[in-house]
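Following: one structure in structure tokens, then a few remarks.
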Amino acid sequence: MIPELTEVLTRTPAYPEIETSLQTQTAVATAIRRTQNYLLRAQHPDGYWVGKLEADASVPAGYIPLMHFMYGKIDPLRRDKVVNKVRRLQNADGSWSAFHAGPGDLSVSIQVYFALKLGGISADQPFMQRARAFILAQGGIDEANVITQVWLALFGQFDWEATPSIPPEIILLPNWFYFNIYELASWSRATIMALAVILTCKPVVPVPASAGLAELYVQPGQRQTRPALRSDSPGWGRFFLFVDHLFKVWERLPFQPGRERALRRVEQWILDHQEADGGWGGIMLPWIYSLVALRGLGYTQDHPAIARGMAGIQDFILEDETTLTLQPAVSPVWDTAWATVALGESFALGESGLSPEHPALRQAARWLLSQEIQHAGDWRIKNPHTPPGCWAFEFINQWYPDLDDTSLVPRALRLARLSERAEAGKAAAIQRALRWILDMQSKDGGWAAFDRDNNKSLLTHVPFADFISPLDPTCADVTAHVLELLSDLQPGNPAVERGIAYLQATQEPDGAWYGRWGVNYLYGTSMALAGLAAVGLLPEQECMRRGAAWLLSRQNQDGGWGETCQTYADPSRRGRGPSTASQTAWALIGLIAAGQAGHPAAARGIQYLLDTQQAGGDWSEVLFTGTGFPRVFYLHYDLYRVYFPLLALTRYQSNFENIGSFVERSMQ
């Protein structure tokens, strides 16, 4: 055993010991019941849970320019509600952040500033002057990310010539070619197909002179006329800019063989990928740009594709008397599966032996079964012989089911007992999911979110990589969730050993794991330890001990754990930040999985949850702990503050009998 790990794992911190007394057990049980009741009250009559999902201020702000582009107008009441919403999110220095309490973000601030001006707010307002000063100090529009510059070009506020080209001809490249659209991540693929149309047609909807952004250029008379070559652009970045130059030469030719055919192919691809709810990919980014692309092709407001798309966006809007929030996505399958797992595990510790028959679990299971996807989406390109049987994150997203939800839903289903006939259908659905998951394992032994072997690193240098993560590589958190499922269904499958080897190989030198879909190392480390423990790794094994030691070393003085989104840009901050309920729960889940339930740090973490629980059974949490695109786009899942603490409290409660013996051993 490594000496420094022994010290971290066994030393008694300089805090009063919190004994696992009857009083503590009673407090934990009471907290569990409160949270159970909170979730039961929050369940939709149809059986699902869905919490509010928020991103940065540019998302609700973008509703104003979108309505201007699509209709030339916006309802004044909704406009004012958007203005109220984003004004409340402004920082003292005039900026807007990519996540709550984060530093000002140039691109987010530019998009919000533009929306406010288009919404009738004068640039002379003091809060607008502060915003302008921040933007100019950061380099102005010329330094914004590419997607912001494209957005502004749609309204005549940036030169199309200075945006990168995406020739529609890329859709004609065969699937075996090194670069083709199916080598891009699902979200990038859907967005780039729309952008291929937009950057070819270059539509512009003029805005009033009062909404112009000339003042956001450091040198207004010298606006860019070609994509900038940044001083830090690596070799491949320079290569792609050279290729972009060739594309622009091609676009200026009077005759472009195949251009019209390619454009029609992209147009049909976009139409084919529109979902029943009117959206694309279940998320706002490709959704909005697909609508803009169709308008750029001449589709009218009353065309069925446009009408469905705009109507579907209304379901993503949360509105009250004074504010309007546009959600970047909705998460009912994810929320329902986690809530079911948390409730199912906590019910199993209760007095009733019929907990799998609890009405809430049965309702949730029936709803989850109704959401199974048996459509062959884009994942079929690399898995042509794999039958579908999977789940997506959203209510409707037939084209892009994901591994995270598909590995979690069967775990939730197994916690509910249905009628005999329904049980047979449930078992068949779980088997379909199992086969799909096994066939989606990548060559490195891990699992990614949406695709298999989506890892051609050369594509990380394309011009849009500064906002749209172009790849969907394997990651520790998704792999760990898959291992937890396989531990129940096929523990002896060779895929398990390959998954274990992947997690061992991707552990950081300090013992942590990177978290792709949650912030950040706390999420990755917790999920990895839970997955490894599920498939049989013992607390004594080195990777488990190193992971636990890292978690212990990151506990805050108040007993909780926290980490900010800044760790994606600055890994030296890993595991550091104000304590949150969700991240404290993750750390506890990881420690318990690593055999550290009896460590005093775990008791202090539990006490933090007990002390901060609200009377209604939930916790207050405003910080963002979810990840969209690392370094640029983050998410706040409202229910993370509920079901993850419930899961941590439940697993701690289930370990009460082991805690006393742990303390005795550690004191010897």
Side-chain angles (χ1 to χ4, degrees), residues 145-147 164-196 199 227 230 232-247 262 265-266 269 273 281 283 285-286 377-386 399-404 439-479 482 498-499 501-503 505-506 514 516-517 568 627-633:
N145 61 27
V146 170
I147 205 73
S165 296
I166 301 180
E169 287 84 356
I170 64 173
I171 200 170
L172 303 177
L173 297 173
N175 296 339
W176 53 261
F177 195 69
Y178 181 85
F179 173 77
N180 67 81
I181 63 171
Y182 296 102
E183 296 298 339
L184 294 165
S186 61
W187 57 85
S188 293
R189 184 184 318 135
T191 305
I192 284 176
M193 284 293 90
L195 289 173
L199 294 168
R230 302 184 190 278
D232 61 348
S233 296
W236 281 114
R238 293 171 180 267
F239 168 77
F240 278 111
L241 283 173
F242 173 72
V243 172
D244 183 80
H245 173 71
L246 296 181
F247 287 156
R265 281 277 300 274
V266 175
W269 191 97
H273 281 72
I283 55 177
L285 187 65
D378 278 5
W379 55 267
R380 194 71 175 270
I381 299 299
K382 291 190 175 184
N383 297 273
H385 305 298
T386 300
W399 285 95
Y400 301 114
D402 65 272
L403 273 297
D404 237 359
D439 284 354
M440 293 290 282
Q441 188 174 26
S442 291
K443 293 176 182 177
D444 64 6
W447 281 266
F450 294 91
D451 281 301
R452 184 177 73 181
D453 297 322
N454 191 266
N455 55 6
K456 291 185 175 176
S457 59
L458 177 63
L459 299 180
T460 61
H461 302 293
V462 298
F464 287 93
D466 66 351
F467 181 78
I468 309 173
S469 300
L471 298 180
D472 178 20
T474 55
C475 57
D477 37 305
V478 176
T479 300
V482 171
R498 295 177 59 219
Y502 170 84
L503 288 180
T506 55
Y514 176 89
R516 170 58 182 87
W517 297 100
Y568 286 101
T627 309
F629 304 144
R631 303 186 69 167
V632 289
F633 190 71

Interatomic spacing from CG in Asn175 to CD1 in Ile181 - rounded to 0.5 Å: 7.5 Å
Backbone N/O of Ala449 and side chain of Asp402: donor-acceptor pair under 3.5 Å: no
Distance-minimising heavy-atom pair for Asp477 and Tyr514: OD1-O, 4.0 Å
Distance-minimising heavy-atom pair for Pro401 and Phe450: O-CD2, 3.4 Å
Check: Lys382 side chain, Asp453 main-chain N or O, donor-acceptor pair, under 3.5 Å: yes
Considering all heavy atoms, the nearest Ala185-Leu471 contact: CB-C, 3.6 Å
Non-hydrogen atoms of Leu459 and Leu184 that approach each other most closely: CD1-CD2, 4.2 Å
Closest contact, heavy atoms only, Ala190 versus Pro286: CB-CB, 3.6 Å
Inter-residue atom distance Trp517.CH2 - Cys475.SG, 0.5 Å rounding: 7.5 Å
OG1 on Thr191 to CZ on Phe467, rounded to 0.5 Å: 8.5 Å
Approximate separation, where rounding is to 0.5 Å, of Asn455 CG and Asp472 CG: 9.5 Å
Ring geometry between Trp269 and His273 (parallel below 30°, tilted from 30 to 60°, perpendicular above 60°): parallel
Criterion side-chain contact (heavy atoms from CB on, under 4.5 Å) on Val632 and Asp466, from CA distance to verdict: CA-CA 8 Å; Val632 289; Asp466 66 351; over 6 Å; no
Heavy-atom check, side chain of Tyr178 versus side chain of Leu458, under 4.5 Å: yes
Any side-chain donor near an acceptor of the partner, Thr474 and Tyr502, under 3.5 Å: yes
More than 12 heavy atoms from other groups under 6.0 Å of CZ on Arg498: yes
Side-chain donor-acceptor contact under 3.5 Å, Gln441 with Arg452: no
Side-chain donor or acceptor of Asn180 paired with backbone N/O of Ile171 under 3.5 Å: no
Phe629 vs Tyr568, ring pair (Phe, Tyr, Trp, His ring centres under 6.0 Å): CA-CA, chis, key distance, verdict: CA-CA 10 Å; Phe629 304 144; Tyr568 286 101; over 10 Å; no
Spacing of CG belonging to Leu403 relative to OG1 belonging to Thr479, to within rounding of 0.5 Å: 8.5 Å
With Asp451 via salt bridge (charged side-chain N to carboxylate O under 4.0 Å, His left out) - residues at least two apart: Arg189
Side chain proximity check, Pro630 to Ser469, heavy atoms < 4.5 angstrom: yes
Leu285/Phe633 under side-chain contact (heavy atoms from CB on, under 4.5 Å): CA gap, chis, key distance, verdict: CA-CA 11 Å; Leu285 187 65; Phe633 190 71; over 6 Å; no
Verdict with reasoning, Trp187 to Tyr400, per ring pair (Phe, Tyr, Trp, His ring centres under 6.0 Å): CA-CA 9 Å; Trp187 57 85; Tyr400 301 114; 9.3 Å; no
Lys/Arg cation over aromatic Phe179: Lys456, 6.0 Å, 45° cone: no
SB check Arg265 Glu169 (cutoff 4.0 Å): no
Note, Leu199 side chain near Ser165 side chain (heavy atom, < 4.5 Å): no
